Protein chains: 2
Amino acid sequence: MNESTAIRTTRAAIQELRVAFTVDCVIFGYGEEKLKILLVECNLPPYIGKWSLLGDFIRNDEDLDHAADRVLKHYTRLDSIHMEQVGTYGAKGRHPLGRVVTAAYYSLMKVKNFEDTVSDSLQVKWFDLELLPELAFDHGVILASCYSRLQKRLRSRPIGFGLLPQKFTLSQLRKLYEVVLGIELDKRNFRRKLKSLNLLIKTETVQADVAHRPAVLYSFNHDLYEQQMSEGLHFEI
Amino acid sequence: MNESTAIRTTRAAIQELRVAFTVDCVIFGYGEEKLKILLVECNLPPYIGKWSLLGDFIRNDEDLDHAADRVLKHYTRLDSIHMEQVGTYGAKGRHPLGRVVTAAYYSLMKVKNFEDTVSDSLQVKWFDLELLPELAFDHGVILASCYSRLQKRLRSRPIGFGLLPQKFTLSQLRKLYEVVLGIELDKRNFRRKLKSLNLLIKTETVQADVAHRPAVLYSFNHDLYEQQMSEGLHFEI
DNA sequence: ACAAAAGTGTTGATAATACACCCATGT
DNA sequence: ACATGGGTGTATTATCAACACTTTTGT
């Protein structure tokens with residue numbers, strides 16, 4: 001195949017072999033010591049009344065990551081939340097109206113960053129991960145792989161610290177890990193591990209108005225973390 | 001938005017917001033104690049003379065995984081080689097002839113499974129990973145992330161054993177890990193680790209015609225591995 | 001005898017686990 | 001005083017890293 005043939009056939013393929021392409025966002029939220037997911041009501045047969053991930057078709061001029069950001073912003077008005085691509089799904093029968101390939105993204109935020117109760121007419125709602133409704137399309141599968149990715153990332157990246165108040169207790173942090181990982185963690189061992197990372201700054205303040213011994217508040221040392229990453233150091237919790 | 005509006009707008013989007021979609025396959029090969037990559041010569045300006053990953057547009061009726069299998073088969077005649085999806089790339093300027101999104105897959109095989117020297121007119125060729133030519137498109141980036149994935153998988157999945165003869169020595173196995181991971185491994189510690197997994201079967205045979213003490217040959221215990229996986233057991237090397 | 005790779009054990013450091021009691025506060 | 005969660009230490013075990021010599025074969 002010579003050069004001009006290649007250009008012709010490629011150009012033809014780009015014209016003809018096209019697929020509809022969407023991004024679907026799995027938005028995890030942490031609040032009230034529970035892990036939640038943001039879903040939107042589906043109004044497409046045969047999934048009417050079911051719930052689905054936040055998604056949209058990508059525009060002609062935007063990168064995939066940008067599309068994911070746009071989708072999240074459209075539904076929540078939230079900006080600059082980091083989204084990570086997890087996988088791309090293109091099974092033949094996955095969409096009722098034709099061939100649609102989707103790239104799945106996930107992110108993690110505080111539930112109270114987005115209050116579904118005060119949102120406009122969009123049918124978006126937080127669901128407890130434990131009490132999920134039936135999902136449309138193959139979104140159950142997508143959710144499962146994003147959840148698995150989230151659990152891996154929580155252990156190796158500092159994505160948990162942003163889900164708590166800026167100053168937090170070690171028990172709050174441990175509870176967060178327990179909820180997201182779905183396991184129990186030994187109190188003493190967890191404290192030792194976290195302290196050994198040296199990424200927590202012990203503040204001078206303590207909890208107030210609690211009916212027990214007040215806990216010391218810690219904050220996360222972003223600067224040190226960035227520095228350690230740039231030196232190629234990683235942690236594992 | 002009511003139901004029929006949803007159907008109409010979705011149908012319209014599927015018609016209009018389409019992108020050309022390809023799969024690109026990063027085929028790693030192990031042979032002569034080196035890690036290699038299978039590349040094809042690119043004949044599309046401005047990348048003429050550069051080399052690229054094995055790719056093609058997906059057909060209207062095939063799953064993504066199937067497209068990856070088809071591409072590999074087209075270039076090598078090889079079938080039923082496991083391919084894993086790594087990521088999807090859709091930056092705006094990544095293809096000279098327009099918007100093309102690609103899903104990247106990788107797999108790993110013996111170099112001698114596919115002899116590029118006896119292939120037909122296709123310009124496909126094994127390259128040492130150490131001696132790569134300049135790659136077309138964003139294939140350098142794609143290759144890098146697939147390589148990183150390969151290294152992770154090698155440590156947690158038995159993808160290395162299929163690259164050696166059915167019966168192999170522990171030194172051959174260690175060399176393979178050293179080459180793919182790009183690090184040196186302590187001989188004694190490696191032997192201990194591998195033996196502790198209990199996934200190797202010590203055969204009655206030894207190396208022949210070597211000018212040194214002949215090594216015992218081992219084979220991989222697929223059945224036990226499958227059983228352990230089904231019980232949720234994992235290994236790490 | 002020599003070269004060349006196979007094979008083998010120990011030690012010390014570090015990390016993971018399991019586990020129980022006292023402490024500070026509000027009511 | 002009591003209920004509540006905060007905070008601490010130790011012993012055991014498992015894992016990892018570092019390291020050097022003897023063995024078996026072909027030449």
Side-chain angles (χ1 to χ4, degrees), chain A residues 32-34 151-152 154-156 161 164-165 167-179 181-220 228 232-237, chain B residues 32-34 151-152 154-156 164-165 167-179 181-219 228 232-237:
Chain A
E32 298 164 341
E33 304 197 333
K34 285 202 286 274
Q151 291 183 320
K152 282 203 193 91
L154 184 71
R155 301 193 92 119
S156 57
F161 303 100
L164 298 172
K167 294 177 179 182
F168 50 86
T169 70
L170 285 176
S171 290
Q172 289 174 318
L173 188 61
R174 180 167 49 86
K175 183 69 187 176
L176 186 152
Y177 275 81
E178 289 182 335
V179 166
L181 299 177
I183 55 177
E184 286 212 332
L185 295 166
D186 181 87
K187 180 161 66 157
R188 280 167 290 190
N189 294 338
F190 182 80
R191 296 173 75 91
R192 196 183 5 257
K193 180 81 133 293
L194 265 288
K195 288 186 169 182
S196 76
L197 299 177
N198 284 320
L199 289 171
L200 297 183
I201 301 167
K202 183 174 185 166
T203 70
E204 297 303 312
T205 46
V206 294
Q207 271 182 321
D209 301 317
V210 284
H212 53 78
R213 175 172 172 179
V216 171
L217 297 172
Y218 293 82
S219 65
F220 179 67
Q228 291 189 358
L233 296 172
H234 295 273
F235 67 79
E236 200 71 24
I237 290 176
Chain B
E32 297 164 340
E33 305 198 333
K34 286 201 286 272
Q151 291 183 320
K152 279 201 195 94
L154 184 71
R155 301 195 93 120
S156 56
L164 297 172
K167 295 177 179 182
F168 50 86
T169 69
L170 286 177
S171 290
Q172 290 173 319
L173 188 61
R174 180 168 49 88
K175 184 69 188 177
L176 184 146
Y177 275 82
E178 290 181 335
V179 166
L181 299 178
I183 54 177
E184 286 212 331
L185 295 165
D186 180 87
K187 179 162 65 157
R188 281 167 289 189
N189 294 338
F190 183 81
R191 296 174 75 90
R192 190 177 18 250
K193 180 82 132 291
L194 266 288
K195 289 186 166 181
S196 75
L197 298 178
N198 284 321
L199 290 171
L200 296 183
I201 301 168
K202 183 172 184 167
T203 72
E204 298 302 313
T205 45
V206 295
Q207 272 182 319
D209 302 317
V210 286
H212 54 78
R213 176 172 173 179
V216 171
L217 297 173
Y218 293 82
S219 65
Q228 291 190 357
L233 295 171
H234 293 271
F235 68 79
E236 200 69 25
I237 292 176

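Note that this is a predicted model, so its numbers are computed, not measured.
Closest approach to the B:K187 side chain among D:dT25, D:dG6, C:dT8 is made by C:dT8 (side chain taken as heavy atoms from C-beta onward). Comparing atom distances between the B:A215 side chain and each of C:dA20, C:dG7, C:dT10 picks out C:dG7 as nearest. With D:dT8, D:dC19, D:dT4 as the choices, the nucleotide that has an atom nearest any side-chain atom of B:R188 turns out to be D:dC19.
Distance B:Q172 CD to C:dA5 P: 13 Å, rounded to the nearest Å. Atom CD of B:E33 is separated from atom P of C:dA5 by 10 Å (rounded to the nearest Å). Look at CG on A:L170: it is 10 Å from C1' on D:dG6, rounded to the nearest Å. One can place CD of B:E178 at 14 Å from C1' of C:dA5, the figure rounded to the nearest angstrom. Between the C1' atom of D:dT15 and the CD1 atom of B:I237 lies a distance of 15 Å, rounded to the nearest Å. Distance A:L185 CG to C:dA16 P: 13 Å, rounded to the nearest Å. Between the CG atom of B:D186 and the P atom of D:dA20 there is a distance of 11 Å, rounded to whole Å. The nearest whole Å value for the distance from the CD atom in A:E236 to the P atom in D:dC16 is 13 Å.
Annotation: B:E178, atom CD; neighbour count of heavy atoms from other residues, nucleotides and ligands within 6.0 Å is above 12. Counting non-hydrogen atoms of other residues, nucleotides and ligands closer than 6.0 Å to CD of A:E32 gives a total of 12 or fewer.
DNA chain D is contacted by both A:R213 and A:K195; A:R213 maps to the nucleotide lying nearer its 5′ end (nearest heavy atom per residue). Ranked by how close their nearest DNA chain C nucleotide is to the 5' end, A:N189 and A:A211 are led by A:N189. DNA chain D is contacted by both A:Y218 and A:R192; A:Y218 maps to the nucleotide lying nearer its 5′ end (nearest heavy atom per residue). Where A:K193 and B:Q207 meet DNA chain C, the nucleotide closest to each residue was compared, and B:Q207 sits on the side nearer the 5' end.
The only member of B:L176, B:L200, B:T203 that meets side-chain contact (heavy atoms from CB on, under 4.5 Å) when paired with B:F168 is B:L200.
Looking at heavy-atom distances under 4.0 Å, B:S171 makes contact with sugar-phosphate atoms alone, never a base. Using a 4.0 Å heavy-atom distance criterion, B:D209 is classed as making no nucleic acid contact. Within 4.0 Å of B:R174, counting heavy atoms only, lies no atom of the nucleic acid at all.
Judged by distance alone with a 3.5 Å cut-off, no donor-acceptor contact links the side chain of B:R191 to the base of C:dA6.
The backbone N or O of A:E236 sits nowhere less than 3.5 Å from a side-chain atom of A:R155 that would complete a donor-acceptor pair.
Looking at A:K195 and A:Y218, their side chains come closer than 4.5 Å, going by heavy atoms from C-beta outward.
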